[in-house]
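Written out below as structure tokens is the structure these notes cover.
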Amino acid sequence: MPTRKKAKGKTKAKRKKTPVAKATSRKKTTTARKKPAKKSLVRGPSRKNAAVKPRRTSPPAQPTSVRRTPSLPAQPAPPGERIGVVTHYYSHLSVAILRLEFGTLRVGDVIYIRGHTTDFSQRVESLEVNHAPATEVGPNDDFGLKVIGHVREHDVVYKVRQ
């Protein structure tokens with residue numbers, strides 16, 4: 001079957017755009033504005049005849065031996081001994097990873113966690129070391145602990161005295 005050649009049609013010539021005459025715009029003239037008047041510093045009744053009050057230039061000097069220190073709100077002492085620190089927190093699991101620094105921790109012990117925004121105590125329900133359940137952990141162990149509240153890294157863990 002013979003193939004047909006494409007018929008070459010006339011190429012369309014581009015139509016030239018007619019130049020549009022720009023409308024001449026007049027430049028707006030700016031009107032000169034007056035500067036706002038300065039307000040006088042004197043308010044109320046005239047001070048011409050008012051008595052001049054003596055003003056303090058500086059507070060009275062305190063003796064160097066007596067210094068006032070700003071009083072800070074007293075924080076209560078922790079309810080037990082410090083045993084570790086939170087190193088990580090998994091919010092979707094409510095699990096904190098702790099590093100035990102001193103002592104031992106067993107299932108059933110009561111711990112207290114305190115931090116910048118953390119302040120709660122709870123009973124230890126389960127401990128995990130390397131994804132395996134454990135009943136007791138010792139010093140320098142990293143372990144997972146299910147917590148009842150939100151904790152953050154560097155929160156301090158105390159073991160409550162019983």
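Treat the numbers as computed from the prediction; the structure is a model and nothing was measured.
Note that CG of Leu127 and OG1 of Thr135 are 8.0 Å apart. Values are rounded to the nearest 0.5 Å. Between atom CG of residue Asp142 and atom NE2 of residue His88 there is a gap of 12.0 Å, rounded to the nearest 0.5 Å. For the atom pair CG of Asp109 and OG1 of Thr104, the computed distance is 7.0 Å after rounding to the nearest 0.5 Å.
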- Message: Using side chain to side chain contact (heavy atoms under 4.5 Å, CB included), reason through Tyr89 and His150 one step at a time and then give a plain yes or no.
- Response: CA-CA 8 Å; Tyr89 177 65; His150 185 84; 3.1 Å; yes

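In the displayed structure, Phe120 atom CZ is contacted under 6.0 Å by more than 12 heavy atoms of other residues, nucleotides or ligands.
Applying the side-chain contact (heavy atoms from CB on, under 4.5 Å) test between Ile113 and each of Val85, Val156, Asp155 identifies Asp155 as the sole match. When each of Ile111, Ile148, Val160, Val110 is tested with Arg123 by the rule side-chain contact (heavy atoms from CB on, under 4.5 Å), just one qualifies, namely Val110.
When only modelled atom types and interatomic distance are considered, Arg152 and Thr118 share no side-chain donor-acceptor pair under 3.5 Å.
Aromatic ring orientation, Tyr158 versus Tyr112: tilted (interplanar angle from 30° to 60°).
Val95 places none of its side-chain heavy atoms less than 4.5 Å from the side chain of Leu145.
Under a hydrophobic-cluster definition in which Ile, Leu, Val, Met, Phe, Trp and Tyr are linked whenever side-chain heavy atoms come within less than 4.5 Å, directly or via other members, Val86 and Phe102 are assigned to different clusters. Under a hydrophobic-cluster definition in which Ile, Leu, Val, Met, Phe, Trp and Tyr are linked whenever side-chain heavy atoms come within less than 4.5 Å, directly or via other members, Val157 and Tyr90 are assigned to different clusters.
Closest of all the heavy-atom pairs between Leu100 and Gly138 is CD2-O, 3.2 Å.
Under the salt bridge (charged side-chain N to carboxylate O under 4.0 Å, His left out) criterion, Glu101 pairs with Arg82, not counting sequence neighbours.
Between the side chain of Thr87 and the backbone N or O of Ile97 there is at least one donor-acceptor pair closer than 3.5 Å.
Salt bridge absent: Glu125 and Lys146 never bring a charged side-chain N and a carboxylate O closer than 4.0 Å.
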